[in-house]
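Take a look at the structure below.
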There are 2 protein chains.
Amino acid sequence: MPTDSTTVHSRRERVRAATVEEIKQTALTLMRESGTAEVRFTDIARLMGITAPALYRYFADRDELLTALVADSFDSLAAALAGAQESVPADDLGGRFLAICSAYRSWALGDPQRFALIFGVPVPSYQAPPDGPTAEAGQRALDHLAALVTDTARLGRLGPPLVAPAAPAVPAAAGTLAEKTEHCADGLAPEIYQVLLLTWSTLHGFVSLEVYGHFNWLDATTLDHLFTTQVRAAALVAGLVQPA
Amino acid sequence: MPTDSTTVHSRRERVRAATVEEIKQTALTLMRESGTAEVRFTDIARLMGITAPALYRYFADRDELLTALVADSFDSLAAALAGAQESVPADDLGGRFLAICSAYRSWALGDPQRFALIFGVPVPSYQAPPDGPTAEAGQRALDHLAALVTDTARLGRLGPPLVAPAAPAVPAAAGTLAEKTEHCADGLAPEIYQVLLLTWSTLHGFVSLEVYGHFNWLDATTLDHLFTTQVRAAALVAGLVQPA
DNA sequence: CATGGACGTTACGAGACGTAACACTTATGA
DNA sequence: TCATAAGTGTTACGTCTCGTAACGTCCATG
């Protein structure tokens, strides 16, 4: 007999949650095997040993399931980035940066379909809810990088970016960045936020091309070195590390 | 009465080519309206005033149509990059670089669905032919950037990259790059080819995130400035321009 | 004018989504 | 203890799309 309805779940709720989890895991399995589009209710049900209409007791339609998968993927990415940082001393900023970038890459390469689910074109006729959990979860994944940049600035080790900040003569732009800043944990300065974005896009560019196979003609060793170079370049441009 | 079967096409062939073109254009229209996945033979046929099975006289199946669209998109991107360069003096290397990058971005923003078609996860259950025209067309689009880097090196204006080339101690990696080099027009040195790839991925990262809406919370002016900054940073890192 | 090929049509089967109606299980409460 | 209600799963069904098959129709060629 459950006593607390908020923290303790009834048996029914636990079973239901387990079923939801099984559905999502089965969908992920199918996605990894056959691509993002091959998430068929029919197949999920068959793998689970039930019939397709039963799934509609848990997800209103295909979009709702995909939305859940996207949200979970953001969580997974955020967890991967967080875990990578924990294995590096907090004051080793260069190491933390490399760890974050490597974790981003490893996560993407280890689960390309989920990467595509998050950062690619959504999926056949799937439109992500504009203000749903998706957008917020994306911010969360990015916040790890933001935290690193903030720490670097706090420790006084953030050098001037090699390229002058954009839009110095246009206060409106800075204002816009400042708005976003408030949403961020500790009120990053616009310049720092810009550094963060450019770093992210540099990192993302390499990983994205690699994941989608546009570097397939290079061998793994070469790719590793190229990635390291790209990360070092990004850190240098951002002022996260000092030129040698 | 057609005389030359290689250059002159019969009336039938011309009509057929026009129909093929109309099918592709209609598919693109649908794709731009409703997303990459909404390319239904039924809808294409309805818009064209014919019935769906008629389309199978021109494309064996959905994949074949999509492959054609991908190939055309690469052509379009390559043409956009080529056109951008023509409007800039050949010896204005910085200008050419900015022009290429801007064209890349403009092309992507002007037709996000085609960008996704090329660089995203292919499409519902669509697997690009491994050695089909797709891969080669991708190289062609990239060759414009390669030509620029080559020209810069020829004119002796390619400074040393700000970040040491990757894998200096691993000849195998350089060998791999050298292999690819032979495929390229003029035998780029491995270092130069690396610069090209890193530049491309930096450019692609920003554009990709922007196209897929991950920068939606920034206004257009801010984005323009950020893009310029990103491009300048890439050029600097690559050694395409000298530090001030 | 007869023939063959290209083009388009209707008819059809397979498969996936999503709904409706029904049956079984489980928790709750008089 | 037993009746009721909610939750879960099933079968049956309608709709849509893909892709094939079989059948006309038009036009170019001899």
Side-chain angles (χ1 to χ4, degrees), chain A residues 1-5 8-24 26-27 29-31 33-69 122-127, chain B residues 1-5 8-24 26-27 29-31 33-69 122-127:
Chain A
M1 54 174 183
T3 55
D4 188 349
S5 65
V8 174
H9 303 298
S10 72
R11 166 174 175 77
R12 272 223 151 104
E13 284 170 326
R14 275 182 283 120
V15 169
R16 183 178 178 85
T19 305
V20 166
E21 193 56 30
E22 186 185 353
I23 293 173
K24 292 195 290 191
T26 308
T29 301
L30 285 169
M31 212 171 69
E33 283 176 358
S34 319
T36 313
E38 302 297 315
V39 183
R40 280 189 276 274
F41 269 37
T42 307
D43 295 341
I44 297 173
R46 182 176 40 75
L47 284 184
M48 290 178 64
I50 60 178
T51 58
L55 297 178
Y56 289 87
R57 298 285 183 193
Y58 301 91
F59 295 95
D61 53 12
R62 209 157 147 278
D63 274 19
E64 198 171 294
L65 172 58
L66 285 173
T67 300
L69 293 180
V123 139
S125 86
Y126 163 72
Q127 186 71 5
Chain B
M1 53 173 184
T3 55
D4 188 349
S5 65
V8 174
H9 303 299
S10 72
R11 165 173 178 78
R12 271 222 148 102
E13 284 171 326
R14 274 181 285 120
V15 169
R16 182 178 178 84
T19 305
V20 166
E21 192 57 30
E22 186 185 352
I23 293 173
K24 292 194 289 191
T26 308
T29 302
L30 285 170
M31 211 172 69
E33 282 176 358
S34 318
T36 312
E38 302 297 314
V39 183
R40 280 190 276 275
F41 269 36
T42 307
D43 295 341
I44 298 173
R46 181 176 41 75
L47 284 184
M48 291 178 64
I50 60 179
T51 58
L55 296 179
Y56 290 86
R57 299 283 183 194
Y58 302 91
F59 294 96
D61 54 11
R62 210 158 145 278
D63 274 19
E64 197 171 295
L65 172 57
L66 286 173
T67 299
L69 293 180
V123 139
S125 87
Y126 164 72
Q127 186 71 6

Candidates [options] - which lies nearest the side chain of [X]:
X	options	value
B:Tyr56	D:dG19, D:dT8, C:dT19	D:dG19
B:Ala54	D:dC18, D:dT10, C:dT9	C:dT9
B:Arg12	C:dT9, D:dG19, D:dA28	D:dA28

> Do the non-hydrogen side-chain atoms of B:Lys24 and B:Val20 ever get within less than 4.5 Å of each other?
Replying inline: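 Sidechains of B:Val20 and B:Lys24: in contact.
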
> So do the side chains of A:Asp61 and A:Glu64 get within less than 4.5 Å of each other, counting heavy atoms only?
Replying inline: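 A side-chain contact under 4.5 Å exists here.
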
Short side-chain N/O contact from [X] to OP1 or OP2 of [N], under 4.0 Å:
X	N	answer
B:Arg40	D:dC18	no
A:Thr42	C:dC17	yes
A:Tyr58	D:dG9	yes

Please work out if [X] contacts a base, only the sugar-phosphate, or nothing of the nucleic acid, heavy-atom cut-off 4.0 Å.
X	answer
A:Thr51	base
A:Phe59	nothing
B:Phe41	sugar-phosphate

> Do A:Arg57 and D:dG9 share a donor-acceptor pair, side chain to base, under 3.5 Å?
Replying inline: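 By the distance-only test, yes, there is a pair.
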
> To the nearest Å, how far apart are B:Arg62 CZ and C:dG15 C1'?
Replying inline: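 In whole Å, C:dG15 C1' lies 14 Å from B:Arg62 CZ.
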
>> So if I apply the side-chain contact (heavy atoms from CB on, under 4.5 Å) rule between B:Ile23 and each of B:Leu69, B:Leu65, B:Ile50, which one comes out positive?
In response: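 Testing each of B:Leu69, B:Leu65, B:Ile50 against B:Ile23, the sole residue satisfying side-chain contact (heavy atoms from CB on, under 4.5 Å) is B:Leu65.
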
